[in-house]
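One structure is given here, and the rest of the page talks about it.
Because only heavy atoms are used, hydrogens play no part in the values below, and waters and symmetry mates are left out as well, while side chains stay in.
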Amino acid sequence: KIAISKDYFTKNKKSKWITNKHSLKRAHLIRSNYDCILSTSKSINEDNSELNCRIDGLEKKSPSIAIIDRNFRLKKNIKLIKNRGGRKIYLFTSAINKAKERYLKRKGIRVIKIKKMKTYKDFKNILLKLSSFGFSRILLETGLSFLNFSLLGGFVKNLYIFKTNTSLRKNGINNTTSNLIKKIKLKQKVKVNLFGDSLYKINLNNV
């Protein structure tokens with residue numbers, strides 16, 4: 001899942017959000033249909049997102065969390081840790097930091113050591129590990145770099161793209177021009193009124 005501006009930027013210098021409140025609610029609804037969200041420590045640290053379902057009646061449908069944190073850089077004071085709400089959180093790392101590992105374990109986070117976290121094969125092993133935990137529907141919510149890595153590796157089946165009708169121009173960060181996102185034709189529009197925003201669900205098996 002990713003949000004982009006009309007001119008294909010993924011971040012706004014002046015606002016935390018690119019899309020409007022209706023798209024944000026829809027994103028929470030999408031989360032409720034998955035049993036695990038996969039993200040990176042970089043994305044979580046930057047956005048300080050709780051990665052939950054903030055819709056009345058669906059709070060308990062908030063998925064478990066898996067975090068790619070190669071160098072053990074997840075911040076301690078983030079909302080995801082403070083407001084875990086009993087959810088299972090798994091952190092995959094190849095670094096050694098005994099103090100931080102003990103802290104995270106006290107917070108209920110399971111730390112899983114992976115020897116290498118660089119290649120497509122390494123990432124596939126992480127997905128297989130999550131599958132062994134019983135997760136079959138995994139939603140990827142990361143920054144542009146890791147999403148592009150996942151697309152190139154063929155790990156994404158369906159791609160949700162929220163697109164605004166506003167161009168960010170000089171206020172935009174992370175243009176997708178050099179990534180696969182810009183090359184995907186936005187044809188499969190979801191029939192939902194987001195009051196100016198648009199949502200596309202693209203089955204990459206058909207692209």
Side-chain angles (χ1 to χ4, degrees), residues 1-2 25-45 47-76 78-97 100-143 146-161 190 201-206:
K1 178 180 73 66
I2 192 168
K25 287 289 186 182
R26 193 72 186 186
H28 292 168
L29 182 61
I30 289 173
R31 285 175 181 169
S32 71
N33 292 315
Y34 289 81
D35 47 28
C36 181
I37 293 176
L38 179 62
S39 190
T40 64
S41 57
K42 181 180 178 181
S43 294
I44 294 171
N45 287 341
D47 299 337
N48 198 17
S49 173
E50 296 178 67
L51 296 176
N52 55 8
C53 298
R54 294 189 294 278
I55 297 178
D56 291 341
L58 289 179
E59 295 88 351
K60 292 183 179 180
K61 295 286 288 183
S62 296
S64 298
I65 304 294
I67 304 168
I68 305 293
D69 189 5
R70 184 188 302 166
N71 298 311
F72 244 145
R73 291 178 177 170
L74 188 71
K75 294 178 181 179
K76 293 181 178 180
I78 55 174
K79 292 179 181 178
L80 183 63
I81 295 177
K82 291 180 179 178
N83 305 325
R84 186 169 68 91
R87 288 187 293 167
K88 293 180 179 179
I89 300 180
Y90 304 86
L91 185 142
F92 294 88
T93 186
S94 54
I96 297 175
N97 186 329
K100 196 164 191 179
E101 185 174 349
R102 287 194 295 269
Y103 172 82
L104 292 174
K105 286 182 177 179
R106 288 198 301 270
K107 295 296 183 178
I109 297 174
R110 180 174 174 181
V111 177
I112 301 170
K113 295 293 182 64
I114 303 292
K115 289 184 179 180
K116 294 189 299 180
M117 301 176 68
K118 294 182 179 180
T119 67
Y120 295 130
K121 184 178 179 181
D122 299 334
F123 182 54
K124 183 178 180 180
N125 289 335
I126 292 173
L127 291 176
L128 290 173
K129 190 73 173 178
L130 289 173
S131 178
S132 72
F133 295 155
F135 299 121
S136 59
R137 291 179 56 78
I138 299 173
L139 180 64
L140 184 64
E141 291 199 45
T142 69
F146 194 76
L147 174 57
N148 198 58
F149 170 85
S150 302
L151 290 170
L152 288 170
F155 298 115
V156 180
K157 180 181 178 181
N158 293 307
L159 181 62
Y160 295 95
I161 297 180
V190 178
K201 182 181 180 182
I202 298 142
N203 187 323
L204 296 177
N205 293 333
N206 299 327

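- The shortest distance between side-chain heavy atoms of Thr93 and Lys113 falls below 4.5 Å.
- Contact annotation: the side chain of Pro63 never approaches that of Leu139 to less than 4.5 Å [non-hydrogen atoms, C-beta and beyond].
- When all heavy atoms of His28 and Cys53 are compared, the pair lying nearest together is O-SG, 3.4 Å.
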Please walk me through it: do Arg87 and Asn52 pass side chain to side chain contact (heavy atoms under 4.5 Å, CB included)?
CA-CA 10 Å; Arg87 288 187 293 167; Asn52 55 8; 3.9 Å; yes
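- Between Glu59 and Ser62, the closest heavy-atom pair is O-OG, 2.9 Å.
- A cation-pi arrangement is not found for Arg110 relative to Tyr90, the charged atom failing to lie both closer than 6.0 Å to the ring centre and inside a 45° cone about the ring normal.
- The closest side-chain donor-acceptor pair between Asp69 and Ser41 falls under 3.5 angstrom.
- The minimum heavy-atom distance between Ile114 and Ser94, with the atom names listed, is O-CB, 2.9 Å.
- Within the 4.5 Å cutoff, the side chain of Leu38 has no heavy atoms near those of the Phe155 side chain.
- Within a 6.0 Å radius of CZ in Arg84, other residues, nucleotides and ligands contribute more than 12 heavy atoms.
- A donor-acceptor pair under 3.5 Å links the side-chain atoms of Lys100 to the main chain of Leu74, judged by distance alone.
- Nearest heavy-atom pair across Arg70 and Lys118 is NH2-CA, 4.1 Å.
- For the atom pair CG (Leu147) and CG (Leu159), the distance works out to 6.5 Å, reported to the nearest 0.5 Å.
- In this structure, the separation between CG on Asp35 and NZ on Lys61 is 9.0 Å, given to the nearest 0.5 Å.
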Go through Lys107 and Leu80 one step at a time and tell me if the side chain to side chain contact (heavy atoms under 4.5 Å, CB included) criterion holds.
CA-CA 11 Å; Lys107 295 296 183 178; Leu80 183 63; over 6 Å; no
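- The aromatic ring centres of Phe123 and Phe146 sit less than 6.0 Å apart.
- Between the CD1 atom in Ile44 and the OG1 atom in Thr142 there is a gap of 10.0 Å [rounded to 0.5 Å].
- Here the CG-CG distance, from Leu140 to Leu151, works out to 8.0 Å after rounding to the nearest 0.5 Å.
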With side chain to side chain contact (heavy atoms under 4.5 Å, CB included) as the criterion, how do Phe72 and Leu104 come out once you've worked through the C-alpha distance, each side chain's angles and the decisive distance to 0.1 Å?
CA-CA 11 Å; Phe72 244 145; Leu104 292 174; 3.6 Å; yes
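- Surrounding NZ of Lys42 are at most 12 heavy atoms belonging to other residues, nucleotides or ligands under 6.0 Å away.
- Counting only distance, with no hydrogens or angles, the side chain of Asn203 and the backbone of Asn205 share a donor-acceptor pair below 3.5 Å.
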Would you please test Ser32 and Ile55 for side chain to side chain contact (heavy atoms under 4.5 Å, CB included) and show each step?
CA-CA 9 Å; Ser32 71; Ile55 297 178; over 6 Å; no
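- The two atoms that bring Asp122 and Met117 nearest to each other are OD2-N, 3.7 Å, heavy atoms only.
- Lys75 approaches Asn45 most closely through the heavy-atom pair N-OD1, 3.0 Å.
- Ile96 CD1: 12 or fewer foreign heavy atoms inside a 6.0 Å radius.
- Side-chain atoms of Asn48 come within 3.5 Å of backbone N or O of Lys79 as a donor-acceptor pair.
- For the pair Lys129/Phe92, a side-chain contact is recorded, criterion being any heavy-atom separation below 4.5 Å from C-beta on.
- The distance from atom CD1 of Ile37 to atom OG of Ser49, rounded to the nearest 0.5 Å, is 7.5 Å.
- If you take CZ on Arg26 and CG on Leu29, they are separated by 5.0 Å, rounding to the nearest 0.5 Å.
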